Every structure is written in structure tokens, then in C-alpha cells.
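Have a look at the structure below before the remarks.
Since the structure is predicted, the reported quantities are computational estimates derived from the model, not experimental observations.
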Amino acid sequence: MIGKLRYNLWAGAAGFIFTFLFSIRNNLWLTSLNRAIIAFAAWFLLAYLLRWVFTLAFAPADLSAKQNVTDAGPEEQVGARFDMTTPSQDDEELMNLLKQEPENKPEGGAFVPLDPPKLVSNKNPEELAKAVRHLTEK
């Protein structure tokens, strides 16, 4: 318990010191001390809450199963905690997606430059020139 409480005390002390140092410039020392004590309590509780959330999120599977006393099957517990495992390497569908080859494979594996389609305008070049002159005059 002492090791776990130490993190909360360090967080509270850091909040106390920062609040006192930033508050002493603009306030009386007693006002700064009161605000620093309130900051100590707030940071202490915030560190406790953060450690509690991390403990729940990263709890081993066997501990979370012991905490659930209900008769729920494993299908109902899916998503109940953060699972950091990756899929197995035997998953054929995933492997096929990763090893997918391009459909348009050039013969012999030679380099084929990109040939994009040409943009063709249906407008008369004189009308386009008038439009550009009109826009540049403004």
C-alpha cells in the first residue's frame, strides 16, 4: 500500500509546488498556501483516479474473470476489457490480403510508365482566351 500511495503523494506534491510558485507572484502568501493545499488534494485524487483507470484497463484476463461472478460465457465478455493481443499468423484470410498481387501485371516484369488520359476541352480556344483576359483584368 505504501508503494502505491507514494505515486499519489508525488503527484500531490508536484501540484502543490507548481500552484504555490505560480500563485505567490500575484497573491498573498496565505492565499497562495490555501490554493496550493487545494491543488495538492486535487492532484492527489487525480493521480488515484488515473491509477485506478489504468489498473482496470490493463488487468490480466484471469483477474477480470475472477471479478465477474456471473455465469456469462466468454462470448458475452468480449470487449469487456482492453485486449492488446494480435491475431495469430495462421489466419489465412489476413495473409491473403497482405500478399495480394496486382491484377494488371506487365509481361516480363518490365517497367511500364504511367499513361494518364489526356484532358480535352470542348470549348473554342478563342472563348477560353476571352475568359482568361476577363479574369486577369479584375
Side-chain angles (χ1 to χ4, degrees):
M1 182 68 180
I2 298 297
K4 294 180 181 180
L5 187 63
R6 187 176 299 151
Y7 297 119
N8 297 359
L9 290 174
W10 278 109
F16 178 89
I17 290 170
F18 286 132
T19 304
F20 186 77
L21 290 178
F22 288 121
S23 180
I24 194 70
R25 292 188 284 175
N26 300 325
N27 299 314
L28 297 173
W29 69 273
L30 190 58
T31 305
S32 297
L33 186 65
N34 286 338
R35 291 179 179 173
I37 290 171
I38 293 170
F40 175 85
W43 280 97
F44 183 89
L45 292 174
L46 184 67
Y48 183 80
L49 179 69
L50 191 63
R51 279 192 324 105
W52 179 71
V53 167
F54 282 151
T55 303
L56 286 179
F58 297 114
D62 58 333
L63 290 179
S64 63
K66 289 179 185 177
Q67 290 174 356
N68 294 335
V69 186
T70 63
D71 294 332
E75 294 84 17
E76 294 179 14
Q77 292 180 359
V78 171
R81 63 178 203 77
F82 185 64
D83 187 13
M84 292 180 50
T85 59
T86 57
S88 65
Q89 294 295 330
D90 298 331
D91 192 15
E92 291 295 326
E93 184 178 335
L94 178 63
M95 296 307 287
N96 290 338
L97 287 175
L98 292 175
K99 293 181 181 179
Q100 192 175 40
E101 296 182 13
E103 295 173 11
N104 300 343
K105 193 172 186 180
E107 293 184 24
F111 174 75
V112 178
L114 183 64
D115 188 21
K118 303 291 184 192
L119 296 175
V120 180
S121 175
N122 294 337
K123 296 285 184 181
N124 185 4
E126 293 175 3
E127 291 179 22
L128 293 174
K130 285 181 185 177
V132 170
R133 285 188 202 114
H134 178 69
L135 291 174
T136 55
E137 290 176 3
K138 286 187 178 183

- Message: Any heavy-atom pair between the side chains of Phe40 and Leu9 that's under 4.5 Å?
- Response: yes
- If we only count heavy atoms from C-beta on, is the Leu49 to Trp52 side-chain gap below 4.5 Å? yes
- Looking at Trp43 and Gly12, what are the two nearest heavy atoms and their distance? CB-CA, 3.9 Å
- Message: If you count every heavy atom of other residues, nucleotides or ligands that lies below 6.0 Å from Tyr48 atom OH, does the total exceed 12?
- Response: no
- How long is the span from the CG atom in Leu50 to the OG1 atom in Thr55, to the nearest 0.5 Å? 9.5 Å
- Are Leu56 and Val53 connected, step by step, through hydrophobic side chains (Ile, Leu, Val, Met, Phe, Trp, Tyr) whose heavy atoms are closer than 4.5 Å? yes
- Item | Single-linkage hydrophobic cluster Phe20~Ile17, side-chain heavy atoms < 4.5 angstrom | yes
- When rounded to the nearest 0.5 Å, the distance separating CG of Leu30 from CZ of Arg35 is 11.0 Å
- With sequence neighbours excluded, tell me which residues meet side-chain hydrogen bond (donor to acceptor under 3.5 Å, both in side chains) with Asn34. none
- Note on the structure: For Ala47 and Ala11 the tightest heavy-atom approach is CB-CB, 3.6 Å
- Name all residues meeting the side chain to side chain contact (heavy atoms under 4.5 Å, CB included) criterion together with Ile37; count only those two or more places apart in sequence or in a different chain, and write none if there are none. Phe16, Leu33
- Query: About how many Å separate OG1 of Thr19 and CD1 of Ile24, when rounded to the nearest 0.5 Å?
  - Reply: 12.0 Å
